[in-house]
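Scroll down for the structure; my scribbles are underneath it.
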Amino acid sequence: MSAGTSDLTRRLAEADPEVARLIDAEGRRQHDKIRLIASENYVSQAVLDATGTLLTNKYSEGYAGRRYYEGQQLIDEIEELAVARAKSVFGVAHANVQPYSGSPANLAVYLACVKPGDTVMGMSLPMGGHLTHGWSVSATGKWFNAVHYGVTKDTGRVDFDEVAELARKHRPKLIFCGGTAIPRTVEFDKFAAIAAEVDAVLVADIAHIAGLVAGGAHPTPVGHASIVTTTTHKTLRGPRGAMIMSTEEWAKPLDKAVFPGLQGGPHNHTTAAIATALKEASTPDFATYASQIVANAKALATGLVERGFDLVSGGTDNHLILADLTSKDVGGKPAAKALDRAGIELNFNTVPYDPRKPFDPSGLRIGTAAVTTRGMTESDMDSVAQWIDEAVTAVRDGKEDRLDDIAGAVRDFCAAYPIPGWSEQ
Ligand code: DSN
């Protein structure tokens, strides 16, 4: 394949053909595969354009009107625009668009709200939480006394009696809700009632579902959680970045925690692209996309259940499906690797109460945001379920050649769904 399948890589190829070739090859890879990693997406050409600008040249420590370097006239306007759009899309009093990504955003919440050694609570990582919700290998688990809740074995859903009991016993100062492998609606109101009872600050980490919230396909945490964190690149479909949103009460401590507490200069090219993504997120088309993500996930879940897959909680309310392959007699990791060879990209994942190890777990995590962005709908999800089933069966039966046949069929199928930023020459 020759380099130069977009204006950008054609120009880049003159300066750096090696990097241009690799970017083009990645474009082809993203085009030719069915991408089901639940935290990934395809951003628009507009978001790609905003990301690749000369705004990367500028340092801007501080906030609009209060910077430590000169020449901020236009950067201030860009950041103010991103903040105003975040406030409008999510209906919040305050937004900080500077965190470099989700983990730094969550760390800033700790810095603003608690002291090392304080007790915090979040969903356990193997049950669907996130490293930064106090998991032991994360700084947040090392520096804070973290207590974890999970889901019940029979329902795969949060047991709020357990959450309340743990909260009463341990009196956490922060309670995180949300996570990375939760196929069901996050019941912000129930978490808020528990947080209020024990006088904890409720933090909703909506990284996975932010696009669904913005598009009205998932209830909002606003009005329940004082602080809301999110990455900007998952269902929200913006550049790699993050935001912290809050009530007015938490605005100053959170801003101080992001800068100067944790970070230096914001990535202004990212800020511009966040603004562009938020403009897109305020349109009726985005609401259609958000509800189609959920419709696609439900259709894919049905197709998998019909083919004998066990799904944690039995299905999904959002963009995410967690399949337990125990009954299929295949580990999550060999299945994920086989699916990758078959042109279907997802990740192996622990399932609640997984008897296997995190690096060789029982499950697959599957998300429908990226395929929805490409325009795939419910009727396509049955083909996807069929290919997943065929690939998992092929690896179980040691018929790996079949994976290459599936990859060919997937490639032909994907040709009908163009992606921004790459095309055949
Ligand atoms: N890496 C993200 C995910 O895949 O969910 C979480 O940080």
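In each ligand, atom 1 is the first atom listed, and ligand 1 is the first ligand listed. Nothing here was measured: the structure is a model prediction, and the numbers come from that model.
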- Message: For a quick check: using heavy atoms under 4.0 Å, what are the residues in contact with ligand 1, sorted by chain and number?
- Response: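 Heavy-atom contacts below 4.0 Å: Ser39, His130, Thr180, His208, Lys234, Arg365.
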- Message: Looking at Lys328 and Asp389, is there a salt bridge between them, counting it only when a charged N and a carboxylate O are closer than 4.0 Å?
- Response: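 Here Asp389 pairs with Lys328 in a salt bridge, since their nearest N and O are under 4.0 Å apart.
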- Query: Can Glu18 and Arg21 be counted as an ion pair, charged N to O under 4.0 angstrom?
  - Reply: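 So Glu18 does not pair with Arg21 through a salt bridge.
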- Query: Sequence neighbours excluded, which residues qualify as side chain to side chain donor-acceptor pair (under 3.5 Å) partners of Thr373?
  - Reply: Asn41, Arg237
- Query: Taking only residues two or more places apart in sequence or in another chain, which ones pass side chain to side chain donor-acceptor pair (under 3.5 Å) with Glu306?
  - Reply: none
Distance-only check: which donor-acceptor pairs under 3.5 Å involve side-chain atoms of residues 101-108, not counting sequence neighbours?
residue	atom	partner	partner atom	Å
Asn106	OD1	Thr229	OG1	2.8
Asn106	ND2	Thr132	OG1	2.8
Asn106	ND2	Asp205	OD2	3.0

- Task: Classify the angle between the aromatic ring planes of Trp387 and Phe413 as parallel (below 30°), tilted (30 to 60°) or perpendicular (above 60°).
- Result: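 Aromatic pair Trp387/Phe413 classed perpendicular.
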